[in-house]
> 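Below: one structure in structure tokens.
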Amino acid sequence: MTALHAAIVIVLGSLLLAVVVHNIVRGHLRVGHALLWVLIAMAFTATPLLYECFTYAHERWNWPTPTSTIVLLGFAFLLILLLNQTVALSRGWRERKRLAQRLALLEARISALSKSEQAKF
Amino acid sequence: MKLLILIPSFNEAVTIEEVVTVSLKTGYDVLVVDDGSSDATSRLAVAAGAKVVRHPVNLGVVAALQTGYTYALEHGYEAMIQLDGDGQHTPADIGKMLAPIADNSADFVIGSRFLGVGAYKMPFARRVGRAILRGMLGVFGICITDPTSGLRAVRREVAELFVSPEFPEDYPDADAILLASRAGFRIVEIGVTMRQSRTGKTFHSGVLHPFKYMLCMILSFAAVAMRRKTRKSP
């Protein structure tokens, strides 16, 4: 990795971090949800350093090439992220279902009450 | 016995009025849970004399059933019977379905199309699916001829289990039967007459949907089987 490559990656990582922080400040992104993105941006920024570590491991212990290792780790991370998002989606769907059911039952109760009030007068 | 006839429905404007009218003739209260229909299902059901609870958005048949059961529990009903809104089920069978609950010989009654009453024709692919579901239940010693029947009567205690988070979230068929059985409820089947759907709509139509249904059912069944047993409330 040349110095230019490293600089480009660090700038892109810093930009991503800035966008994430901006979204948190503006209230578009919940801090709980943003943590993962902050980690991604930091990992991105630290890629040149990681690359050196992987190069060392490749030379010393015959690990896969640094590029392969980064792609493999990135792919594994994406899978974990996808699973995490699906779990969040299921939880969100369950909450939406409960709220919609509660709303429907309350509307039915209000409707029955107003009918009985009308019948009194 | 204070009974509620529960009709989950989604875009059933063609049939709902007749189903409600015939159901009301039995003398029991009728609740239509409109699962976010875009047609006049709610309006027609109210006009026919049913109580109506309307979901603001479409949530699926399980949510509609759970809303109906929650309504029944909140209003003190002792038993509930669920009918399809497409006119497949005959309200005349309600008395038969209710008898085992009334004489305390069962907690959960399933109306079966395959116990010699009537002549219901099922397509080959669905017969295969039914055989698989029967086999899965058979592994647990549960002998049910019609695990996908939508005509079911339950006692209040079973409804309490069915509104819990353990209730299957996609298709409450063999997995719901297994859940009730593992909770210690007594399940019986009664032969009933079922007509072909008047609207011609079938829940399991298409090419991919039957596969999706079977995969979901197997997964959900396995999940129910692997969970710790739920004990029925005394």
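So that the names make sense, note that chain A is the first sequence line, chain B the second, and so on, each numbered from 1.
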> Got a second to check how far T67(B)'s OG1 is from K97(A)'s NZ, nearest 0.5 Å?
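Taking OG1 in T67(B) and NZ in K97(A), the distance rounds to 8.0 Å.
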> Would you indicate whether the side-chain heavy atoms of V57(B) and R96(A) approach each other to under 4.5 Å?
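SC-SC contact between R96(A) and V57(B) confirmed.
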> Could you look at R109(A) and say if it's the side chain, the backbone, both or neither that has a heavy atom under 4.5 Å from chain B?
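Looking at R109(A), just its side chain touches chain B.
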> Check the surroundings of atom NZ in K212(B): do more than 12 heavy atoms from other residues, nucleotides or ligands lie under 6.0 Å from it?
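Atom NZ in K212(B) is not packed in, count stays at 12 or less.
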> Under a 4.5 Å heavy-atom cut-off, does chain B meet the side chain of L105(A), its backbone, both or neither?
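Its backbone and side chain both get close to chain B.
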> Could you check whether any side-chain N or O of E107(A) sits under 3.5 Å from a backbone N or O of V53(B), counting only pairs where one atom can act as donor and the other as acceptor?
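Judged by distance alone, no pair lies under 3.5 Å.
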> If I measure from the heavy atoms of chain A, does E74(B) come under 4.5 Å with its side chain, its backbone, both, or neither?
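Only the side chain of E74(B) comes within 4.5 Å of chain A.
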> Which region of N58(B), side chain (C-beta onward) or backbone (N, CA, C, O), has a non-hydrogen atom less than 4.5 Å from a non-hydrogen atom of chain A, or is it both or neither?
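The answer is the backbone of N58(B).
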> Could you tell me whether the side chain of Q101(A) reaches within less than 4.5 Å of the side chain of T70(B), counting heavy atoms only?
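Not touching, per the 4.5 Å side-chain cut-off.
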> State the CZ-CD distance between R94(A) and E169(B), to the nearest 0.5 angstrom.
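Here the rounded value is 4.0 Å.
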> Do you know the tightest heavy-atom contact between R54(B) and A104(A)?
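In terms of heavy atoms, the two residues are closest at O-CB, 3.2 Å.
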> Heavy-atom count check: over 12 atoms from other residues, nucleotides or ligands less than 6.0 Å from W63(A) CH2?
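At most 12 heavy atoms, drawn from other residues, nucleotides or ligands, come within 6.0 Å of this atom.
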> Using heavy atoms and a sub-4.5 Å threshold, report which of residues 15-40 of chain A line up against chain B, by residue number.
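Contacts with chain B: none.
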> Surrounding CZ of F77(A) (heavy atoms of other residues, nucleotides or ligands, distance under 6.0 Å), is the total greater than 12?
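More than 12 within 6.0 Å, yes.
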> What is the minimum heavy-atom distance between V52(B) and A108(A), and which atoms define it?
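Closest heavy-atom pair between V52(B) and A108(A): O-CB, 3.9 Å.
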